[in-house]
Amino acid sequence: MPLTDDQREAFRQHGFVNLGPVFSADELEEIGKEYDRLVTFDAQVLGNEREGVFPYRAMLNFRSPALKAKLTHPALLEIAVDLLGPDLRFWWDQGINKAPGAGSFIAWHQDNGYTEGRTAEYLTCWLALDDSSLENGGLQVIPGSHTAGPLPHEMQGPHAVIDASLVDESAAVPLDARAGDLLIFSSYLVHQTVGNDTTDRQRRAWVVQYCRADQRNETTGEVYDNRAWVVKDGEPVDEPWSERHFDLRGDRP
């Protein structure tokens, strides 16, 4: 789906925009079934026992041909090409379910904060599989914070966190979504997800990210040719491929 001029300007100015539904009802049902099969308490959790843990799973596409096929969905690639250019790689995907009663926050951070060293801006596509608000563990963002570029982070357990003194929490706004909405935001956007204070509303999200094909780490010099090509010279590839094997164990948790 092509972005409108207003959506493109909102993204550039604020660092995020809610595009509404981009997948059909049948596609969302398929994504939801695969998500529920993979993102479970038995597989992996984040959070802590005191505040409540919640299911998390990295790289769902490695475990599901159906989800892998969605990485090259025309709507997602059209959005990514519009914002990043004609040569793109898939960066990362993950499932996070802020389960009812899981009060644990994922504190203020930028998505780039999980990569050691300085990386260029990339695109996060955040698909809401349930209605999402601050009541059930939704997103808060600092509009315009992406314009500051990458900020220093420190690891607190599995989470990359920005020092609170660098975040103007008075500027924070909720980034609510309805089930099926696609939120897109800059990897430099400062955001957090709060705890789920409800007793009966889960908050599932599937996160898919894309980067420019020439993405490299400005600090370490690493070339990210272990990320799969999805668009080359403006055309979707027949099958995602990479020059170098991606080792999930050696990357983010």
Side-chain angles (χ1 to χ4, degrees), residues 16-64 66-67 70 73 75-76 92-109 111 114 124-143 156-161 167 169 172-185 189-209 252-253:
F16 64 91
V17 66
N18 186 337
L19 299 180
V22 303
F23 292 103
S24 70
D26 287 345
E27 289 169 334
L28 286 170
E29 182 178 5
E30 182 181 36
I31 292 169
K33 285 181 178 178
E34 287 296 277
Y35 182 102
D36 288 343
R37 179 175 69 84
L38 295 168
V39 185
T40 67
F41 281 100
D42 293 333
Q44 186 179 357
V45 296
L46 294 176
N48 59 74
E49 294 296 337
R50 179 174 60 84
E51 295 174 305
V53 298
F54 51 90
Y56 167 85
R57 200 84 181 269
M59 287 302 207
L60 303 187
N61 79 95
F62 283 12
R63 304 171 172 94
S64 168
L67 293 182
K70 295 297 186 292
H73 191 283
L76 294 182
W92 184 264
D93 86 281
Q94 62 189 25
I96 305 172
N97 179 6
K98 284 295 188 75
S104 303
F105 277 49
I106 299 178
W108 295 110
H109 66 282
D111 288 341
Y114 284 91
T124 295
C125 301
W126 199 95
L127 177 64
L129 297 175
D130 303 295
D131 291 350
S132 173
S133 68
L134 295 186
E135 286 72 32
N136 70 329
L139 284 159
Q140 274 186 313
V141 302
I142 309 294
Q156 294 183 1
H159 300 302
V161 176
V167 179
E169 294 198 44
V173 299
L175 188 50
D176 293 347
R178 299 295 300 271
D181 284 354
L182 183 73
L183 310 176
I184 60 171
F185 51 91
L189 182 72
V190 175
H191 62 285
Q192 69 173 359
T193 59
V194 300
N196 185 342
D197 294 327
T198 73
T199 59
D200 59 353
R201 293 174 56 201
Q202 62 183 356
R203 196 238 62 193
R204 299 170 299 160
W206 185 36
V207 180
V208 179
Q209 297 169 321
R252 295 190 299 180

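Start at 1 with the first residue, then count along the sequence. Not measured: the values here are computed from a predicted model.
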Enquirer: I need the minimum non-hydrogen distance between L46 and H159, along with the two atoms involved.
Expert: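 Distance-wise, the nearest heavy atoms are CD1-CE1, 3.8 Å.
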Enquirer: Quick one: does T198's side chain have a donor or acceptor within less than 3.5 Å of a partner on P100's backbone?
Expert: no
Enquirer: Within the distance-only criterion (no hydrogens, no angle test), does the side chain of Y35 pair as donor or acceptor with the backbone N or O of L129 below 3.5 angstrom?
Expert: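 Here the side-chain-to-backbone pair does not exist.
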Enquirer: Is any side-chain heavy atom of T124 less than 4.5 Å from a side-chain heavy atom of L189?
Expert: no
Enquirer: Less than 4.5 Å apart, side chain to side chain, heavy atoms only: is that true for W206 and L67?
Expert: yes
Enquirer: List in chain and number order the residues that pass side chain to side chain donor-acceptor pair (under 3.5 Å) with S64, two or more places apart in sequence or in another chain; answer none if no residue qualifies.
Expert: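 For S64, the residues satisfying side chain to side chain donor-acceptor pair (under 3.5 Å) (neighbours in sequence not counted) are E34.
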Enquirer: Closest approach of I106 and Q192, non-hydrogen atoms and distance?
Expert: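 It is O-CB, 3.1 Å.
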Enquirer: How far apart are the closest heavy atoms of P158 and Y114, and which atoms are they?
Expert: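 Scanning both residues, the minimum pair turns out to be O-CE2, 3.3 Å.
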Enquirer: Would you say that V207 contacts C125 through its side chain, given a criterion of any heavy-atom pair below 4.5 Å between the two side chains?
Expert: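 Not in contact.
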Enquirer: Return the set of residues passing side chain to side chain contact (heavy atoms under 4.5 Å, CB included) with A205 (not counting sequence neighbours), or none when no residue passes.
Expert: W126, R203
Enquirer: Can you name the side chain to side chain contact (heavy atoms under 4.5 Å, CB included) partners of E30, sequence neighbours left out?
Expert: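 Partners of E30 under the side chain to side chain contact (heavy atoms under 4.5 Å, CB included) test: A66, K70.
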Enquirer: Does the side chain of T40 pick up a donor-acceptor pair with the side chain of D42 at under 3.5 Å?
Expert: no
Enquirer: Please give me the minimum heavy-atom distance between A172 and Q140, naming the atom from each residue.
Expert: CB-NE2, 4.3 Å
Enquirer: Less than 4.5 Å apart, any side-chain heavy atom of L183 and any of L139?
Expert: yes
Enquirer: Establish, from distance only, whether the side-chain atoms of D93 and N61 form a donor-acceptor pair under 3.5 Å.
Expert: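 Present: a donor and an acceptor within the cut-off.
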Enquirer: Sequence neighbours excluded, which residues qualify as side chain to side chain donor-acceptor pair (under 3.5 Å) partners of S24?
Expert: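 Result, side chain to side chain donor-acceptor pair (under 3.5 Å) vs S24: E27.
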Enquirer: Please, which pairs that meet salt bridge (charged side-chain N to carboxylate O under 4.0 Å, His left out) have at least one residue in residues 46-64, sequence neighbours excluded?
Expert: none
Enquirer: Indicate, with yes or no, if the rings of H191 and H109 have centres closer together than 6.0 Å.
Expert: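 For H191 and H109, the ring centres are under 6.0 Å apart.
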Enquirer: With sequence neighbours left out, write down each residue that passes side chain to side chain donor-acceptor pair (under 3.5 Å) with T193, or none if nothing qualifies.
Expert: K98
Enquirer: Can you tell if the side chain of V141 reaches within under 4.5 Å of the side chain of V190, non-hydrogen atoms only?
Expert: no
Enquirer: Output side-chain donor-acceptor pairs under 3.5 Å for residues 173-182, partner residues at least two apart or in another chain, one line each.
Expert:
from, atom 1, to, atom 2, distance (Å)
R178, NE, D131, OD1, 3.3
D181, OD2, N18, ND2, 3.2
D181, OD2, R178, N, 2.9

Enquirer: My understanding is that only residues two or more places apart in sequence, or in another chain, count here; which of them pass side chain to side chain contact (heavy atoms under 4.5 Å, CB included) with D130?
Expert: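 D130 satisfies side chain to side chain contact (heavy atoms under 4.5 Å, CB included) with Q202, R204 only.
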Enquirer: Applying side chain to side chain contact (heavy atoms under 4.5 Å, CB included), name anything that partners F41, two or more places apart in sequence or on another chain.
Expert: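 F41 satisfies side chain to side chain contact (heavy atoms under 4.5 Å, CB included) with V45, V53, P55, A99 only.
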Enquirer: Looking at N97 and F54, what are the two nearest heavy atoms and their distance?
Expert: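 Result for this residue pair: O-CB, 3.0 Å.
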Enquirer: Quick one: ring pair (Phe, Tyr, Trp, His ring centres under 6.0 Å) partners of F23, sequence neighbours excluded?
Expert: H73
Enquirer: Residues in salt bridge (charged side-chain N to carboxylate O under 4.0 Å, His left out) with E29, at least two apart?
Expert: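 For E29 the salt bridge (charged side-chain N to carboxylate O under 4.0 Å, His left out) partners, ignoring immediate neighbours, are K33.
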Enquirer: Counting C-beta onward and ignoring hydrogens, is there a side-chain heavy-atom pair between Q94 and L60 closer than 4.5 Å?
Expert: no
Enquirer: Could you tell me the separation between the CG atom of N136 and the OG1 atom of T199, rounded to the nearest 0.5 Å?
Expert: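 That separation rounds to 11.5 Å.
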